[in-house]
Amino acid sequence: MEESKMTEKAMSILNNPYLNKGTAFTKAERDQLGLNGLIPPYIQTLDEQVAQTYAQFQTKANDLEKRLFLMQIFNENRVLFYKLFSEHVVEFMPIVYDPTIADTIENYSELYVQSQNATFLSIDDPDNMETALKNAADGRDIRLIVVTDAEGILGIGDWGTNGVDISVGKLMVYTAAAGIDPSQVLPVVLDVGTNNEKLLKDPMYLGNRHERIKGDRYFEFVDQFVQTAENLFPNMYLHFEDFGRDHAAKILNKYKDRYVIFNDDIQGTGIITLAGILGALNISKQKITDQVYLSFGAGTAGAGILSRIYAEMVENGLSEEEAKKHFYMVDKQGLLFDDDETLTPEQKPFARKRSEFENPEELTDLLSVVKAVHPTIMVGTSTKPGAFTEEVVREMAAHTERPIIFPLSNPTKLAEAKAEDLLKWTDGRALIATGIPVDDIEYNGVTYQIGQANNALVYPGLGLGVIASTAKVLNDTMISKAAHSLGGIVDVSKPGAAVLPPVSKLSEFSQTVAEGIAQSAVDQGLTKETITDVKKAVADTRWTPEY
């Protein structure tokens with residue numbers, strides 16, 4: 001009986017990704033834990049395991065197979081996974097997260113093996129919410145939750161319960177980039193149904209097979225989740241991800257002044273885009289208050305970015321009314337006008353009056369708007385592939401010396417333009433950031449480095465800074481600090497310099513962002529605990545993948 005219990009304990013350790021070391025268990029540990037005979041006799045170091053695992057990774061035929069292999073390692077051994085990730089950040093980022101994650105989300109139910117310690121909360125079973133969260137946490141000290149209702153996943157839309165993978169992927173980046181302890185995180189999906197007909201008709205789909213619940217019942221379910229999670233995990237940082245445009249801003253605005261709440265699509269995308277624009281202006285030596293901003297795509301991300309750039313203009317001395325004159329929003333109906341009854345609350349402040357234009361009825365497409373307003377900055381979050389056409393780009397470039405053009409839609413197939421085309425159409429003058437990774441481009445004898453406006457450059461460090469400082473809230477002052485903290489990492493004097501730092505420096509600037517955020521919280525008196533040394537607080541919070 002004792003042997004049976006010992007074997008059961010040994011197997012529970014091997015099956016626990018937070019405790020499992022695989023072949024790295026020492027002789028003493030094998031004797032003590034009853035592992036002899038359950039793993040091969042040779043004792044490997046962590047470095048040997050990393051080398052062996054990377055060699056296996058390299059045999060995989062495509063990015064999807066590579067991601068599925070890495071997920072297997074993630075499910076078995078967190079330390080090995082993150083040690084491997086830390087040594088191959090640039091190579092792994094597009095595999096572990098965007099764009100490859102879009103493929104696994106679309107096929108999540110078919111590929112399902114196990115849940116990566118995720119929590120599935122169903123609107124059809126609200127009474128079991130607290131139990132479900134407790135079961136998933138399993139006694140762990142949860143400091144960070146990424147939650148999605150999967151209505152607006154990346155650029156691919158509504159994917160119901162399959163969208164849980166976006167929460168898992170985000171948390172992987174938090175740990176790899178900023179050292180958030182993986183035992184203190186929890187991915188959550190709020191399954192309120194789906195309007196994706198493909199999923200509803202798919203016999204393998206694992207989520208609720210009914211249309212999305214809307215209205216009061218939806219918001220009551222979200223509120224139940226927020227309150228339950230806050231009660232269970234009082235030191236939690238709550239990250240909302242890929243909620244639809246009808247809900248994202250309402251949820252953020254409801255809770256952001258009471259709890260430590262962050263919406264990556266609204267705030268994170270705004271931070272990284274502002275950082276990219278500041279980087280571009282460092283290169284062009286221009287002022288942000290002189291720019292004319294055109295947002296192509298006026299959903300959650302587009303409106304969130306615009307709001308952040310607007311706040312920056314006000315910070316730089318413009319009145320609110322003056323600043324609003326610098327912004328134009330274009331969506332599927334064309335330029336947004338203030339008499340449009342379908343405008344969202346986030347769009348209304350920036351909609352224009354028809355009386356401003358001689359031909360308002362003609363401003364129904366991107367080219368006509370570009371001709372009318374002569375933007376110096378054009379940011380795309382439209383998920384309309386190829387929307388930044390040669391004619392549009394040449395028209396924009398004819399009226400500004402260094403056009404700032406950010407085609408941010410992702411995955412790759414949804415991007416508004418290719419970086420190499422933007423350089424060609426502007427004779428190398430464009431200052432570019434993309435939503436996907438782009439290799440260096442040779443053009444007219446210059447090597448251009450293309451910055452990736454990847455939220456991963458900001459949100460991991462932001463989360464680390466909030467957690468390390470024990471901040472009570474995350475406010476606009478702290479968020480602005482995050483955008484500005486990336487300045488100076490790129491050498492803007494170099495021809496072809498990127499507007500944003502490279503993913504290869506992810507750990508470095510996550511530390512920079514974290515220290516800036518933490519210092520801002522301390523300066524504002526917003527911490528639960530007294531922090532006398534911000535650098536030490538951040539360093540002490542970072543987790544390192546070691547046995």
Could you go through residues 248-255 and list every donor-acceptor pair under 3.5 Å that involves a side-chain atom there, pairing it with any protein atom two or more places apart or in another chain?
unit_1, atom_1, unit_2, atom_2, d
N253, ND2, A249, O, 3.1
Y255, OH, D223, OD1, 2.6

Less than 3.5 Å apart, which donor and acceptor atoms pair up between the side chains of residues 456-474 and the rest of the protein, not counting sequence neighbours?
unit_1, atom_1, unit_2, atom_2, d
S469, OG, G465, O, 2.9
S469, OG, V466, O, 3.2
S469, OG, A471, N, 3.4
T470, OG1, K528, N, 3.2
T470, OG1, E529, N, 3.0

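Between the side chain of N196 and the backbone N or O of D158, at least one donor-acceptor pair lies under 3.5 Å. R308 places no side-chain N or O within 3.5 Å of a backbone atom of G268 that could act as its donor or acceptor partner.
Side-chain polar atoms of T148 and D242 form no donor-acceptor pair below 3.5 angstrom. Between the side chains of Q524 and S520, at least one donor N or O sits under 3.5 Å from an acceptor N or O.
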Practice item. Could you please spell out the steps behind the side chain to side chain contact (heavy atoms under 4.5 Å, CB included) verdict for I305 and I309? Key: CA-CA 6 Å; I305 295 168; I309 311 307; 4.2 Å; yes

Practice item. Quick one: do E241 and I153 satisfy side chain to side chain contact (heavy atoms under 4.5 Å, CB included)? Show the steps, please. Key: CA-CA 8 Å; E241 183 71 25; I153 293 289; over 6 Å; no

Practice item. Quick one: do D191 and T161 satisfy side-chain hydrogen bond (donor to acceptor under 3.5 Å, both in side chains)? Show the steps, please. Key: CA-CA 6 Å; D191 188 343; T161 268; 2.6 Å; yes

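With sequence neighbours excluded, the residues that form a ring pair (Phe, Tyr, Trp, His ring centres under 6.0 Å) with F57 are Y54, F92. Partners of F327 by ring pair (Phe, Tyr, Trp, His ring centres under 6.0 Å), not counting sequence neighbours, listed by chain and number: Y293, F350. Take H326 and apply the ring pair (Phe, Tyr, Trp, His ring centres under 6.0 Å) test, not counting sequence neighbours, and it matches no residue. Applying the side-chain hydrogen bond (donor to acceptor under 3.5 Å, both in side chains) criterion to T59, with sequence neighbours excluded, gives no partner residue. With sequence neighbours excluded, the residues that form a side chain to side chain contact (heavy atoms under 4.5 Å, CB included) with D331 are R245, A298, Q333, L336. When the side-chain hydrogen bond (donor to acceptor under 3.5 Å, both in side chains) test is applied to R140, the partners found at least two apart in sequence or on another chain are Y18. Scored by the side chain to side chain contact (heavy atoms under 4.5 Å, CB included) test, D439 finds no partners at all (sequence neighbours excluded). Taking F233 as the reference, nothing meets the ring pair (Phe, Tyr, Trp, His ring centres under 6.0 Å) condition, with sequence neighbours excluded. Legend: residues meeting side-chain hydrogen bond (donor to acceptor under 3.5 Å, both in side chains) with E312, ordered by chain and number and at least two apart, are N316, H484. In terms of the side chain to side chain contact (heavy atoms under 4.5 Å, CB included) criterion, residue partners of K83 (sequence neighbours excluded) are, by chain and number, L46, D47, V50, S86, E87, P545.
Using cut-offs of 30° and 60° for the angle between ring planes, the F85 and Y82 rings count as parallel.
Under the 4.0 Å criterion applied to side-chain N and carboxylate O atoms, D165 and R67 are assigned as salt-bridge partners. Ion pair E515/K535 flagged as a salt bridge, since at least one NZ, NE, NH1 or NH2 atom sits closer than 4.0 Å to an Asp/Glu carboxylate oxygen.
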